[in-house]
Trainee: 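Please see the structure below; I have some questions.
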Amino acid sequence: MSSHQDGPVRCPKCGHQSVSTVRQIIAAHDLAIKAAFIQGRLNRVQCPECKASFTPTVPTLYYDLEQAFAYVFAPAGPDRAANVRELVAALKHSLPPEQLTPSLAHPNRFATRESIIQAILAADGITPEVQRTQAARGKLLDELLQSPSEEALRAKATAHDADLDPAFFELLTAHMQAAHMEGDQDRAQTLLAFRTFLGQHSSQGRAAIAAIDTRLGLEVIQSREELLAQLLQTTDADARAALVARGHVLIDQSFFQLLDASIDQAAHAGDVSAAHALYVLRAALPGLMAEQEAQTRAALDRAAALFSQIVSSPQPDQVLEQNRAGIDEAFFVVLGANIERARRQGQQEPARALELIGQLARTMRQPA
Ligand SMILES: [Zn+2]
């Protein structure tokens with residue numbers, strides 16, 4: 001027996017029996033296969049008779065060399081013990097003897113697909129307790145966002161100082177990116193201002209935000225004044241466009257008011273060249289903004305199309321492989337937003353599957 005095998009499968013809808021190739025051995029390091037299994041997409045077949053698609057129940061062995069354990073999913077039935085024996089024998093056959101630890105040779109058994117998937121998530125650190133912590137973090141974020149006043153927000157932030165940890169700021173940043181991706185710039189901007197505020201009023205915030213932004217390559221510009229100063233210092237067209245992209249959420253009505261006030265100030269002070277530079281910048285901004293929006297939208301559309309192609313494919317690793325050039329920052333934004341959405345809806349399996357796709361995509365990402 002190899003990791004792939006042809007076997008009879010019966011359509012649960014019309015009862016038609018057909019032969020399909022199914023995979024019964026899954027390695028934890030095979031991220032795409034693992035993701036598909038966790039999401040119930042592995043071995044999915046379409047009935048040749050009625051065209052319904054379904055996932056046949058096949059005994060499956062999952063093993064993790066790094067953590068040195070194996071689990072086996074063996075549905076109750078007369079062949080149960082034989083199925084387990086066959087799968088363990090196949091695993092033994094496929095591994096070099098030095099890798100075959102006793103725990104791999106004696107896998108824990110699970111009678112349902114749900115129970116083995118929960119055990120796999122737990123082994124990955126996503127225990128029921130972690131799931132509860134994630135839910136509590138989301139609830140705290142909602143409560144903070146609904147604070148009726150700045151004072152109330154400050155008081156609540158102080159009371160929850162220990163909970164405003166790096167993981168909390170990860171979540172907040174993911175919300176911010178999701179809003180940006182969905183084209184909701186008002187919300188993205190509100191969340192940015194909110195994040196900056198919490199960064200200043202919590203003991204771990206500032207360092208957490210800096211670490212996240214460095215990792216994401218976000219280089220978020222924190223204030224309108226800072227953005228204006230940087231824009232004025234930059235005369236190169238490409239560099240200016242890049243600044244507009246980075247500071248996009250800050251360029252709003254208040255920003256233009258700040259710009260107008262600066263023009264007045266320079267004019268009153270008789271600084272003609274400064275007033276002129278400000279005026280030229282003001283004239284150029286709407287065009288730069290429109291260009292930036294169009295580019296962002298196009299990049300996100302491309303990323304979203306690639307994303308949906310990957311998650312609907314039985315071979316996500318191959319789709320990624322064929323689209324290496326498309327694995328860019330926008331792709332990770334789309335991916336992150338979808339992981340966050342799945343988590344918010346309590347869908348741990350798809351969230352984990354997408355994380356694995358993300359890990360795989362990172363290994364394939366071409367250097368920029
Ligand atoms: Zn059928």
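As the structure lists them, so they are numbered: ligands from 1, and atoms in each ligand from 1. Because the structure is predicted, anything quoted here is derived from the model rather than measured. Along the sequence shown, residues are numbered consecutively beginning with 1.
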Trainee: Does Arg352 come within less than 4.0 Å of Glu355, counting only side-chain N to carboxylate O?
Mentor: yes

Trainee: I need the protein N, O or S atoms closer than 2.8 Å to the Zn ion (ligand 1), given as residue plus atom name.
Mentor: Cys11 SG, Cys14 SG, Cys47 SG, Cys50 SG

Trainee: Is there a side-chain contact between Met176 and Arg187 in this structure, where contact means two heavy atoms from C-beta onward sitting under 4.5 Å apart?
Mentor: no

Trainee: Regarding Arg282 and Asp260, does a basic nitrogen lie under 4.0 Å from an acidic carboxylate oxygen?
Mentor: yes

Trainee: Yes or no on salt bridge (charged side-chain N to carboxylate O under 4.0 Å, His left out) for Lys156 and Asp161, after CA distance, side-chain angles and deciding distance?
Mentor: CA-CA 8 Å; Lys156 199 156 175 67; Asp161 193 58; over 6 Å; no

Trainee: By side-chain contact (heavy atoms from CB on, under 4.5 Å), which residues pair with Asp236, not counting sequence neighbours?
Mentor: Asp238, Ala239

Trainee: For the pair Tyr71 and Phe110, name the ring-plane relationship: parallel under 30°, tilted 30 to 60°, perpendicular over 60°.
Mentor: perpendicular

